[in-house]
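First the structure, in the form of structure tokens, and then the observations on it.
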Amino acid sequence: MIQNTKPQDAHSPFCLQGGRIIDPANDRDAVGDLYVLEGKIVDPTKVPASTEWKKISVAGKIVTPGLIDIHVHLREPGQSAKETIASGTATAAAGGFTSIVAMPNTNPPVDGPNTIAWLLDRIEKTALVNVFVTGCISQKMQGELLAPIGSMKKAGIVAITDDGHCIQNNELMRRALEYASMLDLPLFDHCQDYSLTAGGVMNEGYWSTVLGLKGWPALAEEIIVGRNILLAEMTKAKVHCQHLSSIGSVRMIREAKGRGVSIYGEVTPHHLFLTDDSIQGYNTNFKMNPPVRTKRDQEALKQGIADGIIEILASDHAPHCPYEKEVEFDQAPFGVLGLETELAIYIKTLIDEQVIDWKRMIAMLTINPARLLKLDKGTLSDGVDADITVIDPGLEWVIRAEESLSLSRNTCFDQVSVKGRAVKTFVKGNLIWSI
Amino acid sequence: MTSWTRKDLVSLRELSAEEIRLILETGKAFKEVLSRPIKKVPSLRGKTVVNLFVEPSTRTRISFELAAKRLSADVVSMVSESSSIKKGETLKDTALNLQAMNVDYIILRHSAAGAAQFLSERLKASVINAGDGAHEHPTQGLLDLFTIAERKGDLKGLKVVICGDILFSRVARSNIWALTKSGAEVTLVGPKTLVPEDFRGLGVKIEYDFDKALPHADVVMLLRIQHERQRQVMFPSVGEYISLFGLTKKRFQKCKSDVLIMHPGPINRGVEVDSELADGLNSVILQQVTNGIAIRMAVLYLLGGGKGPQELVS
């Protein structure tokens, strides 16, 4: 029943009829029809009247710009047992995502124009959705010397990041930000002070105490968020703090944004849905970095979203092979899958709990990330690529690890009952996912 | 009395007070067996016990070995230095290989918290946790409880002070659960770096002044200062540790005359406890070791389908 459909003829004009069109960039939230011609969104009054539209009814469904996830690990090159560009983008399509941003912590890391050229070629040949690439901040991701950021920008990166690692040297971070601001590239930071997290595998608190697992305190994130705010203010560079997990991070970003500092943040589905008590059974599919924290942290993240302090949702889709995860908790790699399940989890935690409405949630998954990265994506404006997601908000389903299109199975939402799912995904007018 | 239904013994946190009592009562019966000239009973004849010690330990391994042998089981011990784990085999594969040899029990000592639970969920064999990281060491908690009860009778209302490296101690955690479930009042003492406030959530008191805690204590349990590499961050020097948290003769003056001094071993003489006090009349440190065998026999016997102490008496 669930399958990725073969690309259809993008040139046959079609019309998505009667759906609730939510296009936050154009302040649109109304029932209507959406027309696609030659892979672009069009105004039907401005094309020849003789055009014959294939009509596709999407009554009762929500029609949005193709969703964007700016934090995805596609694992190519070098770790293609976990995921490939082909499998990862198929997984994205199934989740309703038409544009994703690939993290550079591959093997070798994406730290120069040669790797980027290889990667872009591989994307061209195997990707099912749009993939934007990022480059490392530091050479070999070692946090010591600057990577050739300018050359990588010319080669096509949209941001720099050492994601999975965090630059500990504040001088290097300062110089990277000065350099990035010159090139107008945002920097994504995985905020983690290593001296505070040595050996840490879960949130430090009651449950780490009970389970005897080494704690990873919220402080380790907050101290780097604080540093990043100070450096963003000084350098005027755009710093995007990835996968925020704690009260203190939200509080500091709130304060800094109030002063106009160019600091941004994202929240993942697992930090919105899970708390550290989920690790009780030592299930390594609940081991991620940063770790899920407490109810109070979760509430602060939701408040940050409600108040517009946090403007982006992203999955940190991080596939790992079953055999890599089926080990002692201390030894398992950090990371969980996200692309296929995140929309449903956002609906459950943000819409159902009335944190924000649909329009704001879709903005967090479309125009907000597109603006941060200056992508020509995330809208349904006339003339743009017809990247479209059709969501059935009432579709009830149960997440099952074994049904994932990813090469990996490490979801932390296995067996969770959810409502709402992408039922059609179009990239440049091609239907690439349908159920 | 309640009956035993679990396949494994992974933690004391998950046991009920009744289950703990059943083990202690059964241990009492085995202690009687151990005082006989012939210390062997046929309860586990034909059963195979594997001691899988991925983290080194001498005392616990020998204690389990003796316990299993006195129950007439066949025992094999495997330590990490000589095992395939050293060659890169995963814990899961090692355990599955042992299971393929039809072993009945796996006694696991491992440096990772949760390792015993990991095996218990994947094996048909009974898994006994002989210490997993900083999580739990259930048979140590049980033998400590047994030793206290032997001397003090009812545990309800008893004041137990546990002093030392609590943060990294599986012994502390198992004792906290066993003692609080049995109605004892537990106070943790030690440097704040090793006794974080988060422990209050486990239903215990915390006191950073050892001298204040001592006068009320019925039992003082001292834990080994370990993790040598972390020592410099967690406290400045052994000398300073002794001055604040060592059970010195001077501090001992503040204690009740019938206070029990306990230590799970191995002791750093003159560090956690004064050397003479460790050998003195209030010390039950070696009784703990003796009782360890009886308790481990009780656990092996109950996991193997044993009914309880009544069966042993008859």
Side-chain angles (χ1 to χ4, degrees), chain A residues 81 193-220 246 275-288 291 293-297 320-334 409-410 412 414-415, chain B residues 10-14 54-55 85 88-96 108 110-122 129 131-138 165-174 176-177 180 188 194-204 206 227 229-230 233:
Chain A
D193 182 311
Y194 292 164
S195 67
L196 292 167
T197 58
V201 293
M202 72 172 293
N203 181 48
E204 180 178 307
Y206 172 78
W207 281 108
S208 67
T209 304
V210 167
L211 297 169
L213 290 169
K214 185 90 195 308
W216 194 125
L219 172 71
S246 85
T275 46
D276 55 0
D277 61 325
S278 59
I279 293 165
Q280 276 180 73
Y282 296 96
N283 183 338
T284 58
N285 286 332
F286 295 96
K287 181 177 176 182
M288 64 284 278
R293 302 199 188 274
T294 66
K295 197 87 199 152
R296 287 179 59 230
D297 291 295
H320 292 293
C321 300
Y323 75 86
E324 294 175 301
K325 278 285 196 180
E326 204 177 358
V327 293
E328 300 88 318
F329 200 87
D330 280 344
Q331 268 127 56
F334 291 95
R409 292 287 173 269
N410 53 314
C412 56
D414 191 30
Q415 307 301 326
Chain B
V10 169
S11 77
L12 298 187
R13 177 172 157 251
E14 64 190 346
V54 182
E55 186 186 66
I85 286 176
E89 190 177 58
T90 64
L91 177 63
K92 182 189 166 198
D93 284 323
T94 303
L96 288 176
L108 180 72
H110 197 290
S111 60
Q117 178 158 339
F118 177 88
L119 282 196
S120 73
E121 288 165 1
R122 287 165 177 79
N129 183 4
D132 62 330
H135 176 223
E136 285 218 38
H137 189 353
D165 174 358
I166 309 291
L167 177 60
F168 296 106
S169 175
R170 50 190 168 222
V171 174
R173 286 172 178 78
S174 284
I176 289 168
W177 297 120
T180 53
L188 305 180
L194 294 173
V195 188
E197 298 278 346
D198 286 322
F199 274 91
R200 289 192 204 277
L202 276 63
V204 299
I206 291 178
H227 291 261
R229 268 172 295 171
Q230 288 177 13
V233 177

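Values below: all heavy atoms of this structure, side chains included; hydrogens, waters and symmetry mates excluded.
Put simply, CD on A:Glu328 and CG on B:Asp132 are 10.5 Å apart, with the number rounded to the nearest 0.5 Å. Here the straight-line distance linking atom CG of B:Asp93 with atom CD of A:Glu326 works out to 9.0 Å at 0.5 Å rounding. Going from atom CZ of B:Arg13 over to atom CD of A:Gln280 covers 5.5 Å, rounded to the nearest 0.5 Å. To the nearest 0.5 Å, the span separating CD on A:Gln331 from CZ on B:Phe118 amounts to 9.5 Å.
The number of heavy-atom neighbours closer than 6.0 Å to CZ of A:Arg296, taken from other residues, nucleotides and ligands shown, is 12 or below.
For B:Ser169, no part sits under 4.5 Å from any heavy atom of chain A, backbone or side chain. Only the side chain of B:Arg122 has a heavy atom closer than 4.5 Å to any heavy atom of chain A. For B:Phe199, the parts lying under 4.5 angstrom from a heavy atom of chain A are both the backbone and the side chain. For B:Glu121, the part sitting under 4.5 Å from any heavy atom of chain A is the side chain, from C-beta outward, and nothing else.
Counting heavy-atom pairs closer than 4.5 Å to chain B, the top residue among A:Tyr323, A:Tyr206, A:Phe329 is A:Tyr206. Among the candidates B:Glu197, B:Arg200, B:Gln117, the residue making the largest number of heavy-atom pairs closer than 4.5 Å to chain A is B:Gln117. Contact tally against chain B (heavy-atom pairs below 4.5 Å) for A:Thr284, A:Leu211, A:Asn283: the top residue is A:Leu211. Counting heavy-atom pairs closer than 4.5 Å to chain B, the top residue among A:Val210, A:Asp330, A:Leu213 is A:Val210.
Nearest heavy atoms, A:Gly212 versus B:Ala113: O-CB, 3.5 Å.
Although no hydrogens or angles enter the test, the distance criterion places a donor-acceptor pair under 3.5 Å between the side chain of B:Arg173 and the main chain of A:Thr209.
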